[in-house]
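Beneath this line is the structure, given in structure tokens, with notes to follow.
All ligand and atom numbering here is 1-based and tracks the order in the structure.
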Amino acid sequence: MPDKSINTTCPYCGVGCGVRVTLDEQGGISVSGDPEHPSNYGRLCSKGAALGDTLSMDDRLLYPEVLGTTTAWDDALNFVSDQLQSIINEHGADSVAFYVSGQLLTEDYYVANKLMKGYIGSANIDTNSRLCMSSVVAAQKRAFGTDTVPGCYEDLERAKLIVITGSNTAWCHPVLYQRIVKAKKDNPDLMIVVIDPRRTSTADIADIFLPLKPTTDAILFNGLLHYLADNGEQNSLFTSHCTEGLDDALNAAASADIASVAAHCELDASDVEAFYRLFARTERVVSVFSQGINQTSSGTDKVNSIINCHLLTGRIGRPGMGPFSLTGQPNAMGGREVGGLANQLAAHMDIANPEHRATVQTFWQSPHIPDQDGLKAVELFKAIKAGQVKAVWIMATNPAVSMPDNQQVREALSECELVIVSDCVRNTDTSQYAHVLLPAQTWGEKDGTVTSSERRISRQRSLLPFPGESKPDWWIIAEVAKRMGHAEAFDYSEAADIFIEFARLSGYNNNGQRDFDISAYADLSYEQYDNLQPTQWPITSAQPQGTARLFADGRFFKPGGKAQFVTITPRPAAVPTDDQYPLVLNSGRVRDHWHTLTRTGHSSRLSAHISEPFVEVHPQDATQFGLTASALARVSSRWGEVIVRVNVSDHQRPGSVFIPMHWNDQFTSRACVDSLINDATDPYSGQPEFKHTPVSIEVYEPEWYGFILSRRRLALKNVTYWASSKGNDYWKYEIAGSELPQDWASCARSLLCSAEQDVGWVEYFDNAFKRYRAARIVNGRLESCLFIGPDINLPARDYLADIFVKEELSDKDRASLLTGKPPGDVEDRGKIVCACFNVGLNEITKAIKEQQLVTAEAIGKVLKAGTNCGSCVPELKAILKGSS
Ligand SMILES: Nc1nc2c(c(=O)[nH]1)N[C@H]1C(S)=C(S)[C@@H](COP(=O)(O)OP(=O)(O)OC[C@H]3O[C@@H](n4cnc5c(=O)[nH]c(N)nc54)[C@H](O)[C@@H]3O)O[C@H]1N2
Ligand SMILES: Nc1nc2c(c(=O)[nH]1)N[C@H]1C(S)=C(S)[C@@H](COP(=O)(O)OP(=O)(O)OC[C@H]3O[C@@H](n4cnc5c(=O)[nH]c(N)nc54)[C@H](O)[C@@H]3O)O[C@H]1N2
Ligand code: SF4
Ligand SMILES: [Mo]
């Protein structure tokens, strides 16, 4: 069999990169960027490049389980449909709910929404996009009358100014960041403004960096609106013909002069003015934004404050300009298209609109269509806790980790009568609460479509045979629907059937009233669906090649066709800091991990960059709270507490700390940041305030520190802190304990092996200095090792990784296991910076020093670091700065 190449789409972020997967004769797989895909033209970031590593993951959910027992599909599906139906019969349709995800494919999402809204007859389907994009949805609908991103990626290359607000593009949308970096290289006049309380890697390319006080963005953009109007930048032709509400919006911004903005946002007035001047004099400006804007309790207003500035200047719908919401998940946009939120109907129609309700119901010929919004995510879990919602079906999301105040979510799930979880992974924090587990196919197996941040619909294609009895999500939902008595409406044999039905609905009764229209696909054959090329909606008979930009004609989708200025009165965060909780907790992502680690946590390559949860604090705060780098800290809020490693960095604002969102109970003892996060939400969108919770911080001082490397995954006892990460041939555990054990030898045995495996030990004790080292060598190979000490000064971990690879240990290796020092001829690589080529910090600093390297390119030439996906280039530059 010759090599076979399949084009598909990356399952991680909303950039939606095209991926080319080559399967060789031996069943091997290689992954590269699809050079023809218009999202990435061949590029991939570290996560996309490592997709091959996550294909044969451990811990897959392979068979349905009901009440803890593996069952046949038929029994599991009958159980689910019977239970749902009996709860509905007894308590009504609103007593059941679906909680779904922007990681479902459009086809899965459409079927879930159809079952809940049209056939069960409730609007209780909400999605993790509530946590992610809902403020943008609400804001775009307020401004444009439709949830539409007007522009496209090419605008980033055609812009003269890119304003990046609340987006760590370098780490979260890395391929777009690379496109911006290239655009700036090609056109040094391209100016970049980065607005973020933290100095992230994205700020590396900023001409102006504004580290504003958290949550004050609406003040900054109200000030910009005022400045633009004052300085004659209003596009009067556009505002008078194409917009409404300008006067009120301007009145509300009247007091936002530069001095007061600078004072409120805690910025230098000269920097604010420089930003305003640049925006005023640059016609082609794109305003990119993401969760720093969306995830606050005033997120919807913040988005509108940005859009207002584009409406005032008429900078929308034309090349190189416009507000640009970056979508988070691979199908955050597709989910909105099919009406996956509790206040929407399919194909961009609204529950609140009677004509839309009639259109959808008639098209579906369904028994029901809700006329009231369903419960939004945070309300939904509260309603479960209150016993109002008695059954929930969770698909492709991990709410026990990712919801704010997740302790409440866990309690709600533990008290819920029926919890059904469809996932591809067996053990997640959420699956612990499931009565029914349904094994879903995942990326590489499933087949369908996703829509990227620029409205581009791309195919995810199946490449591999699926493992065990896993099934596509749409199939699982349709089978339950059939058993609930709706066989005809859910009679799909392929994903294509669903997509075609959806395409027909998008054109049904449309007549140009809804911009989401993909009716050109209404009559696709299976073959055409298979070959679908990445295309931006609307895709109609008039524009079968798709549409790069909307609103160029100044026509919007509000009644009367005009865009709406929204009057913005900036609001502070819902819960202010106080003496007890004086610091602002900010949370978000790291470069190489994806959300709750269910996939990237199993890749050693992706775990090398940052392998442990941390809290990042400014040096000033570190001094004030007595924290030292690499020690452990307890961070507490009114909602919970975590124990995490301390990073000290002047990239933080004083008074603010940052903890990543990824770590959870499968990987750590107590580091789930959402246990700290308040559950305040935005009043328009229901999106939670993940970026602002008051916290306190204190040193966490255990009696001992240590780490373990082990070939097997361990269930650790007798430690108060642990954080695990995947290495090449082992799992690494950073550990700490609050009590010294009576006897280290027996403690080590209880940590590392069962009684019958108790062989092969070599050990070293130094009781006076509370040091203990041990290794188990089985059949000549290192099976596990454990290093304990009284403080954080433990041996380097990285050289030990190389010992794990060896089939036979040398005397030197054995000695080094007990001395805790690399064998004389081995150097410690240091913390991994480049995940693609496994290049560590020590190697980089050494090369910089010895070879007098002054650019990231030069480091790349010598060590290859940064030359594949480029995601580490901002860090290489930071290292260069630090070593100059
Ligand atoms: N590596 C990686 N990439 C991802 C993901 C992942 O898990 N890992 N997830 C994907 C998903 S679903 C999403 S939604 C996106 C998110 O992408 P981003 O929104 O870029 O990522 P975050 O890290 O959540 O937050 C962005 C920035 O907002 C800043 N911020 C906090 N408060 C404020 C504020 O008040 N004002 C301003 N202006 N900024 C503020 C934070 O400091 C942070 O740097 O990433 C996508 N891409
Ligand atoms: N503190 C804090 N919390 C946050 C955020 C933050 O910035 N700060 N960001 C929020 C945002 S923007 C988001 S998007 C959420 C993300 O949070 P989640 O959606 O909870 O995170 P994931 O780990 O992506 O969960 C996806 C789940 O689906 C499974 N899965 C993968 N593929 C498939 C499939 O094909 N089918 C099925 N059925 N299952 C599959 C995975 O194994 C995993 O269990 O987190 C939110 N929570
Ligand atoms: S930027 Fe990276 S994670 Fe996002 S779609 Fe592209 S390859 Fe995937
Ligand atoms: Mo997201």
Please confirm whether [X] comes within less than 3.5 Å of ligand 1 when only nitrogen or oxygen atoms on both sides are compared.
X	result
S290	yes
K213	no
W171	yes
T296	no
I195	yes
R591	yes
T165	no

Per-atom contacts of ligand 2 with [X], taking only distances under 4.0 Å to non-hydrogen atoms:
X	result
Q329	14 (S)
D473	34 (C), 35 (O), 36 (N), 37 (C), 38 (N)
S422	37 (C), 38 (N), 39 (N)
C132	12 (S), 14 (S)
V673	1 (N)
N128	19 (O)

- [ ] Using a strict cut-off of less than 4.0 Å between a Lys/Arg side-chain nitrogen and an Asp/Glu carboxylate oxygen, indicate whether K302 and D217 qualify as a salt bridge.
- [x] yes
Task: Pairing of D301 and R571 as salt bridge, 4.0 angstrom limit - done: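 Between R571 and D301 there is a salt bridge, with a charged N closer than 4.0 Å to a carboxylate O.
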Protein contact of [atom] - nearest heavy atom, named by residue and atom, plus distance:
atom	result
atom 2 (Fe) of ligand 3	C45 SG, 2.3 Å
atom 36 (N) of ligand 1	D217 OD1, 2.9 Å
atom 15 (C) of ligand 2	S402 CB, 4.1 Å
atom 31 (C) of ligand 1	N586 OD1, 3.4 Å
atom 28 (O) of ligand 1	G292 CA, 3.3 Å
atom 26 (C) of ligand 1	G166 O, 3.4 Å
atom 44 (O) of ligand 1	D196 OD2, 2.7 Å
atom 3 (N) of ligand 1	C172 CA, 3.4 Å
atom 35 (O) of ligand 1	T215 N, 2.6 Å
atom 32 (N) of ligand 1	K691 CB, 3.7 Å

Heavy atoms only, cut-off 4.0 Å: how does [X] contact ligand 2, side chain, backbone, both, or neither?
X	value
W594	side chain
T598	side chain
D674	side chain
Q441	backbone

TODO: Counting heavy atoms only, name the option from N40, D592, V450, V175 that's nearest to atom 1 (S) of ligand 3.
DONE: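 Nearest heavy atom to atom 1 (S) of ligand 3 lies in V175.
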TODO: Can you figure out which of R199, R589, K302, E616 has its heavy atom closest to atom 24 (O) of ligand 1?
DONE: R589
TODO: Could you tell me which atoms of ligand 3, counted from 1 in the order shown, lie closer than 4.0 angstrom to a heavy atom of K47?
DONE: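 Heavy-atom distances to K47 below 4.0 Å select 3 (S).
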Open item on the list: Just checking: C13, one of its N/O/S atoms, less than 2.8 Å away from atom 4 (Fe) of ligand 3, yes or no?
Closed with: yes
- [ ] Examine C17 and say whether one of its N/O/S atoms is closer to atom 6 (Fe) of ligand 3 than 2.8 Å.
- [x] yes
Open item on the list: Quick check: H593 with W663 (ring centres under 6.0 Å apart)?
Closed with: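 Yes, the ring of W663 comes within the 6.0 Å limit of the ring of H593, centre to centre.
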- [ ] Using only heavy-atom distances, determine whether the side chains of S167 and T169 contain a donor-acceptor pair under 3.5 Å.
- [x] yes
TODO: Determine the interplanar angle of the F324 and Y153 rings, folded into 0 to 90°, and report it as parallel if under 30°, tilted if 30 to 60°, perpendicular if over 60°.
DONE: parallel
TODO: Measure up the F658 and F614 rings against each other and bin them: parallel (under 30°), tilted (30 to 60°), perpendicular (over 60°).
DONE: tilted
- [ ] Check each heavy atom of V590 against ligand 1 and say whether those closer than 4.0 Å belong to the side chain, the backbone, both or neither.
- [x] backbone
Task: ligand 3 versus C10: contacting region, heavy-atom distance under 4.0 Å - done: side chain
